[in-house]
Number of protein chains: 2
Amino acid sequence: MPATLDFEQMLREAALRVTRPRVAVLGAVLAHPHADTDSIIGAVRRGLPEVSHQAVYDSLQALTTAGLVRRFRPAGSVARYESRVGDNHHHMVCRSCGLIADVDCAVGDAPCLTASDGNGFAIDEAEVVYWGLCPGCSTAGSS
Amino acid sequence: MPATLDFEQMLREAALRVTRPRVAVLGAVLAHPHADTDSIIGAVRRGLPEVSHQAVYDSLQALTTAGLVRRFRPAGSVARYESRVGDNHHHMVCRSCGLIADVDCAVGDAPCLTASDGNGFAIDEAEVVYWGLCPGCSTAGSS
DNA sequence: CCCGTTTTCTGGAATGAGTCAAGAATAAGC
DNA sequence: GCTTATTCTTGACTCATTCCAGAAAACGGG
């Protein structure tokens with residue numbers, strides 16, 4: 001688990017100013033993958049009780065723009081953030097309990113980018129969300 | 001283009017009560033694929049000026065549950081509705097102008113459902129969103 | 001065709017994630 | 001240590017969506 005110094009390093013490498021809120025936000029996202037904004041605010045305030053929600057929103061925006069974290073928003077849910085960036089993995093969402101799990105796409109590095117012609121669009125990202133039931137809910141429902 | 005009588009038929013077959021607002025909402029979604037709720041309210045009110053926004057929300061909910069329309073919510077946008085149901089096509093969204101286009105998945109009927117093991121999830125749907133630039137914005141930006 | 005029951009619609013208020021704005025605080029460079 | 005540009009605090013605000021209670025309308029049986 002990376003330490004505060006590592007977070008500072010990451011921020012500096014991304015040409016971002018190193019501030020307490022940003023370090024805390026980055027740490028929170030690293031520690032709680034798929035967390036929503038509210039959870040992140042809570043996690044950050046455990047270490048820095050005085051941060052405003054605005055600072056968290058701003059930091060998340062900055063980190064997202066810099067590519068240090070990824071924002072993702074499954075339909076019917078609020079925005080969530082994760083630290084796995086660079087690889088192009090996708091997500092599975094449980095319809096019952098909302099559990100989110102990472103999935104590496106089976107199709108290699110550029111999953112489903114085989115959208116063929118694509119109506120002339122210049123596609124730069126394919127976002128895939130799998131909907132279903134997680135193991136727990138699946139078992140519970142089949143009884 | 002289907003007439004009002006067809007819409008009534010569709011509603012009855014879905015075991016839904018036939019009401020003026022519902023017929024109008026169904027017609028609006030059929031006529032304006034990918035329309036957001038506000039546009040649908042506007043379209044409906046062209047024929048029925050008195051409908052409340054709540055009736056439209058309720059109708060859309062009922063139609064979605066019944067499987068007559070599909071709700072889809074790209075990140076950073078409000079809810080949108082479309083009438084292509086049953087086939088599993090996906091969407092392309094232009095990052096610049098927000099244009100949405102349908103895409104038939106290149107992988108056949110069950111696109112990307114090859115999520116392999118899937119961590120034990122029972123997957124029932126794969127939702128794919130392609131992000132990029134539409135032909136218009138792509139050309140404009142490359143000058 | 002009329003009635004009663006049940007579902008749906010109207011109108012209005014409330015919720016809540018996210019955004020905007022102005023001034024105070026703080027990080028980075030010299 | 002000082003200056004300046006960026007970031008944070010505070011608090012108000014937007015706006016899609018939901019909640020609620022009473023009025024209206026649709027369906028089935030008489």
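The sequence lines fix the lettering, A, B, ..., with proteins before strands; numbering per chain opens at 1.
Taking atom OH of residue B/Y57 and atom P of nucleotide D/dC15, one finds them 13 Å apart after rounding to whole Å. Atom CG in B/D58 sits about 12 Å away from atom C1' in D/dC20, given to the nearest Å. The distance between atom CD of A/E50 and atom P of C/dT26, rounded to the nearest whole Å, is 12 Å. A straight line from CZ of A/F7 to P of C/dA27 spans 18 Å, rounded to a whole angstrom. The CD1-C1' distance, from B/I41 to D/dA16, rounds to 10 Å in whole Å. Between the CD1 atom of A/I40 and the P atom of C/dA17 there is a distance of 13 Å, given to the nearest Å. In this entry the distance linking CG of A/D36 with P of C/dA17 reads 9 Å, nearest Å. Look at CG on A/L11: it is 11 Å from P on D/dT7, rounded to the nearest Å.
Within a 6.0 Å sphere centred on CZ of A/R71, heavy atoms belonging to other residues, nucleotides or ligands number more than 12.
Between A/I123 and B/W131 there is no side-chain heavy-atom pair separated by less than 4.5 Å. With contacts defined as side-chain heavy-atom distances shorter than 4.5 Å, the pair B/H91/B/F72 qualifies. Two residues are said to be in side-chain contact when any heavy atoms from C-beta on lie closer than 4.5 Å; B/E82 and B/D102 meet this criterion. Counting heavy atoms from C-beta outward, A/F121 and B/L99 have side chains that approach closer than 4.5 Å.
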Protein-to-nucleotide contact annotation, 5' to 3' order, nucleotides 21-30 of chain D [B base; S sugar-phosphate only; - none; under 4.0 Å, heavy atom]: -----BS---
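A salt bridge is absent between B/E127 and A/R95: the closest approach of a Lys/Arg side-chain nitrogen to an acidic carboxylate oxygen does not fall below 4.0 angstrom. Between B/D58 and B/R22 there is no salt bridge, since no side-chain N of the basic residue sits under 4.0 Å from a carboxylate O of the acidic one.
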Using a cut-off of under 3.5 Å, enumerate the N/O to N/O pairs linking the protein to nucleotides 12-16 of chain C.
none

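Between A/P74 and A/V93, the shortest heavy-atom distance links the atoms CB-CG2, 4.3 Å.
Atom CG of residue A/L26 and atom CG of residue A/L11 lie 5.5 Å apart, to the nearest 0.5 angstrom.
Contact annotation for B/A62: no contact, since no heavy-atom pair falls under 4.0 Å across all strands.
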